Amino acid sequence: MSMTSEGGHGAVPTGPEVPVEPKAATARRDWPLYECFVRGKRGLNHVHVGSLHAPDDEMAVHAARDLFTRRNEGVSIWVVKAADITASSPDEKDPMFAPSGDKVYRHPTFYEIPENVPHM
Amino acid sequence: MSSSTLDRPTPPDEAALQALFDATIAAGHRIEPRDWMPEGYRKTLVRQIAQHAHSEIIGMQPEGDWLLAAPSLRRKAILLAKVQDEAGHGMYLYSAAETLGADRADLTDKLIEGKQKYSSIFNYPTLTYADVGVIGWLVDGAAICNQVPLCRSSYGPYARAMIRVCKEESFHQRQGYELLLTMMSGTPEQRAMVQDAVDRWWWPSLMMFGPPDDDSPNSAQSMAWGIKRHSNDELRQRYVDMSVPQAEALGVTFPDPELSYDAETGHYRFGAIDWEEFKQVISGHGPANAERIARRRAARDDNAWVLEAATAYAAKQEAAA
């Protein structure tokens, strides 16, 4: 199943088995989809905020500034072509994430400590 | 077992997928683009989100008409920021529609060809500067009533787009109300302008919530799917209840002799809405339908060379790299 990033919310299957609206091909549809990430302020990670179409990387940064930081929402922007993102596919959902499901001992709450033991 | 058996994809178990989808909705969790979803759910969302996106884009026009006639630099900067926000809202929403497999340019084409609709409210003209204030107060106020519950819509990308939109709508409504407060503290002529604008926009703003519940065929399904959280009439009543005290504080009246407080229910009763007018406007016979679409068409066609030039430049840079 082929996958593509889908407006920045993970990945979406795009194979022939997935029905989509029919698309007509014209030149102006050529702008690639970019996913945009903004660092809200120093000390925070870049966080995904949305997606946009742009002709090239530089224009994508400019457009992301206009679209996502009109009110000082960020101090730094990353953009990446959606097509360059590799994502876990829905088919792999179980084997991909199952290993952590039965490892409750990885969480601190797994361990019972007597109440009279301080600072733990 | 032969290898051809292994290679053959197993047919998806539709009933199991549907059960998983239903369970996700029932648990109040979000549906994400990669999830299986019923075709009707996908189509309903594409239609609703596209319609919403189109409304934001067309919605730039009535107020954009006043950019060059704003009475001060302060008002002009505010209006410019607001119109720019509407463009941004349209972009967030088109992105959400794209996560469902829709194509942005294709949606624009459908709008221009009249195959998809936008909010009926934008087919009314902005006759005076007071209309800018009334649009912020009433039209954006109604939009907020509609949109706040959509922040909890079952489709993740739509809900996330609405959260961004709602954060900005509050500025829209407050700038409009403040504009009107300023005019109401002015001359009798200015006050009359405000009342005139309120008289023209009140009924159309009530129509923004869509047809009454007993004449809204898609509502029940949309609510079952968690796309909508409240019925049209519920939201309309909430809007009326919110707006009446705001009108009193402003010193204007709504053009409805039947508007009165019902102490028993705690709600304001209001008169009958002219649904015939709504149907006329929605089906293309409003005062400004033709003008709005003509301008959108011109924007697409006249500016196509800019998109082509940027594409050509990007290709040239890439070739040189």
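Here the structure is a predicted model, which means the values were calculated and not measured. Each chain gets a letter, A, B and so on, in the order its sequence line appears, and its residues count up from 1.
Shown here is B:E113, whose CD atom has more than 12 heavy atoms of other residues, nucleotides or ligands within 6.0 Å. Annotation: B:D301, atom CG; neighbour count of heavy atoms from other residues, nucleotides and ligands within 6.0 Å is above 12. The number of heavy atoms from other shown groups lying within 6.0 Å of NZ (B:K316) does not exceed 12. Within 6.0 Å of CG in A:N72 there are 12 or fewer heavy atoms belonging to other residues, nucleotides or ligands.
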Stepwise side-chain contact (heavy atoms from CB on, under 4.5 Å) test for A:L52 and B:M91 | CA-CA 8 Å; A:L52 52 80; B:M91 296 301 109; over 6 Å; no
B:F171 and A:R71: side-chain contact (heavy atoms from CB on, under 4.5 Å), yes or no, with the steps?
-> CA-CA 11 Å; B:F171 145 64; A:R71 292 180 175 80; 3.1 Å; yes
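Under a 3.5 Å cut-off, the side chain of A:S51 and the backbone N or O of B:S95 do not form any donor-acceptor pair.
Summarising the geometry, atom CZ belonging to A:R70 is positioned 5.5 Å from atom CD belonging to B:Q84; distances are rounded to the nearest 0.5 Å. Between atom CG of residue B:L307 and atom CH2 of residue A:W31 there is a gap of 4.5 Å, rounded to the nearest 0.5 Å. In this structure, CD on A:E58 lies 8.5 Å from CD on B:Q317, to the nearest 0.5 angstrom.
Of the two parts of B:Y92, only the side chain, counted from C-beta on, holds a non-hydrogen atom closer than 4.5 Å to a non-hydrogen atom of chain A.
Side chains of B:E308 and A:P55 form no contact here, defined as non-hydrogen atoms less than 4.5 Å apart. Considering only heavy atoms from C-beta on, A:V49 comes within 4.5 Å of B:R164 through its side chain.
Options B:A81, B:A87, B:A312, B:G88 differ in how many heavy-atom pairs under 4.5 Å they form with chain A, and the most are formed by B:G88.
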